[in-house]
Asks: 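Would you mind keeping the following structure in view while I ask a few things?
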Amino acid sequence: MLRKILFFICLIIASASQAQNKSLPVSKPKLVVGIVVDQMRADYISKYSNKLGSGGFKKLAMQGYQCRNTHYNYVPTYTGPGHASIYTGTTPAVHGIVANDWFDRTENDTVYCAEDKSVKGVGSDNYAGKMSPKRLLSTTITDELQLTNRGKSKVIGISLKDRGAILPAGRSGDAAYWYDGATGNWISSTWYMNDLPKWVKDFNERKWPDHYLSKPWNTTLPISYYTESDPDDSPYELPYNGEAKPVFPHDLPALRGTSFDLVRRTPFGNTMTKDLALAAISGEELGADSITDFLCVSFSATDYVGHQFGTDAIELEDTYIRLDRDIADLLQYLDSRIGKGNYLIFLTADHGAVVNPQSLIDKKLEAGFSDPKVIADTVKYFLQSKYGSSEYMQSYLNDQFYLNRAKVDSAKLDICEMQQGIADFIRYKIDGLQDVLTTCNISTTEYNEPFRNKIQKGMQPKRSGDVILLFSPGWTDKLFGNGKQGTTHGSPYPYDTHVPLIWYGWGIPAGATAKAINITDIAPTLSFLLNIGIPNGCTGKVIEALAK
Ligand code: ZN
Ligand code: ZN
Ligand code: ZN
């Protein structure tokens, strides 16, 4: 009997300690690497699959966990909001990064999402350095890591684009570094530091932009292999400034002028970003001790090349083939330095991109171009004829009309009536217009319809417009060059919202799911994987297959 009782006591103790082990994991990854590929559509990995190596994207996809049905759950699908939403686990309605540029009602001015006139550049004395995360209104997963670890984690953001480096690193990041195309240097701001660390200065001294711009850009593989793309000389591609045709080889030394900026719009901008990320890992000894560090890397060249040449250009395909090799380098470096299984990676994108609307039209598909000037003039005409002044309109930005609230108030006019008047007037006058919403509607209605719901989640009263336009699928603002070249993004449609999401490394099983996942689910999933706080404005949910 006694033996039986003892046996049961042992069982109880054993199961209690097992339960404890489940809720209190003993190990943590040494380093988390968040990779954002700017403008990467979810279909690119399979589209380019035959041309990719085994150590880059495919390694992540095959050995990691793919969330194949991951979408943005708000509009506008731009870079600033995208990076902020990945890292805060919420949408612009809460984190406040409603666009790249918006009219700020508090400051009564158009502002840029990362600009901060109160700080100075470090390594730069021009506008490019006056940047910080001060406009971010809720915490990031990287902030939560710092809060949990009493600031002992190292958090670094790196991207050609200031916003791609700054927003992921959060307000408490140790550093963000971005590229200054005027000088060819990687820079930061006094928000983070007063002087660049030696490893960044050393990196700048190696003059990589000169190196990359000193020879023509040619395809990695023989050009006839690029069967996944349109012919090189396509009317839907925008030639570089100074180029007669958008074709290989692109003569970078002749095209660069005196600036260093062109490197952004070549795949070498990504290679340089990867090399700076490797330098950061060694220079900052990321992942060297038991306290988890976080490196946020955003590859922006894919977006610049995408805007320039479109989603179906050989130029874009070659950019992904080269990025695949850069990612393979990064994985190899992490394996050798941090050790396989000691680091956790997630890879996603800040938005997708539309197939060039003119190419859709030429294939008999419905698409089109809207002209912001015509739209703004239509509303000005309405305001002039109905209210006696077109100046009630403050600006037209991000498909939103901002009304001059002070002027409307002083004229004792009803703002909701004016918003509705504009909406009713333009609804049937503008080609390609799918829907028009007003902030008065939005503040009193909870939308379930998917596209209206995405608009609602992207709005923040002090930063968003009064009247919001939604164009039909396949429609964009006039594009670049002749107005019909390249591509863009920003809509609530799958081509802009559907992005890759792959998890790899520490604690991640191999697998895949087609379950619907929102971009806002990444941050809370990280909170559970790392056992740290959930970002304070989080509206996402944990991906249960990964974090139980
Ligand atoms: Zn972007
Ligand atoms: Zn081309
Ligand atoms: Zn873009």
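What you see is a predicted model; the values in this text were computed from it and never measured. The figures that follow rest on heavy atoms only: side chains count, while hydrogens, waters and symmetry mates do not. In listed order, ligands and their atoms are each counted from 1.
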Asks: Once you measure the plane-to-plane angle for Tyr504 and Tyr343, does it fall in the parallel (<30°), tilted (30-60°) or perpendicular (>60°) bin?
Replies: tilted
Asks: Does a salt bridge link Glu317 with Lys47, judged by any charged N lying under 4.0 Å from a carboxylate O?
Replies: no
Asks: Identify whether NZ of Lys or CZ of Arg in Arg322 sits under 6.0 Å from the centre of the six-membered ring of Tyr320 and within 45° of that ring's axis.
Replies: no
Asks: Would you say Phe401 and Ile375 make side-chain contact, with heavy atoms under 4.5 Å?
Replies: yes
Asks: Under 2.8 Å from the Zn ion (ligand 2), how many protein N/O/S atoms do you get? Just the number, please.
Replies: 6
Asks: Kindly state each residue pair satisfying salt bridge (charged side-chain N to carboxylate O under 4.0 Å, His left out) with at least one member in residues 216-235, sequence neighbours excluded.
Replies: Lys51-Glu228, Asp233-Lys245
Asks: Take the Zn ion (ligand 1) and tell me which protein N, O or S atoms are nearer than 2.8 Å.
Replies: Asp38 OD1, Thr79 OG1, Asp350 OD2, His351 NE2
Asks: Does a side-chain heavy-atom distance below 4.5 Å link Tyr236 with Thr487?
Replies: no
Asks: Taking all atoms of both residues into account, what is the closest heavy-atom pair of Asn218 and Pro249, and its distance?
Replies: ND2-CB, 3.6 Å
Asks: Quick one: which residue pairs count as a salt bridge (charged side-chain N to carboxylate O under 4.0 Å, His left out) with a foot in residues 455-468, not counting sequence neighbours?
Replies: Asp104-Arg463, Arg105-Asp466, Arg405-Asp466
Asks: Applying ring pair (Phe, Tyr, Trp, His ring centres under 6.0 Å), run through Phe451 and Tyr493 and close with a yes or a no.
Replies: CA-CA 8 Å; Phe451 301 124; Tyr493 301 120; 4.9 Å; yes
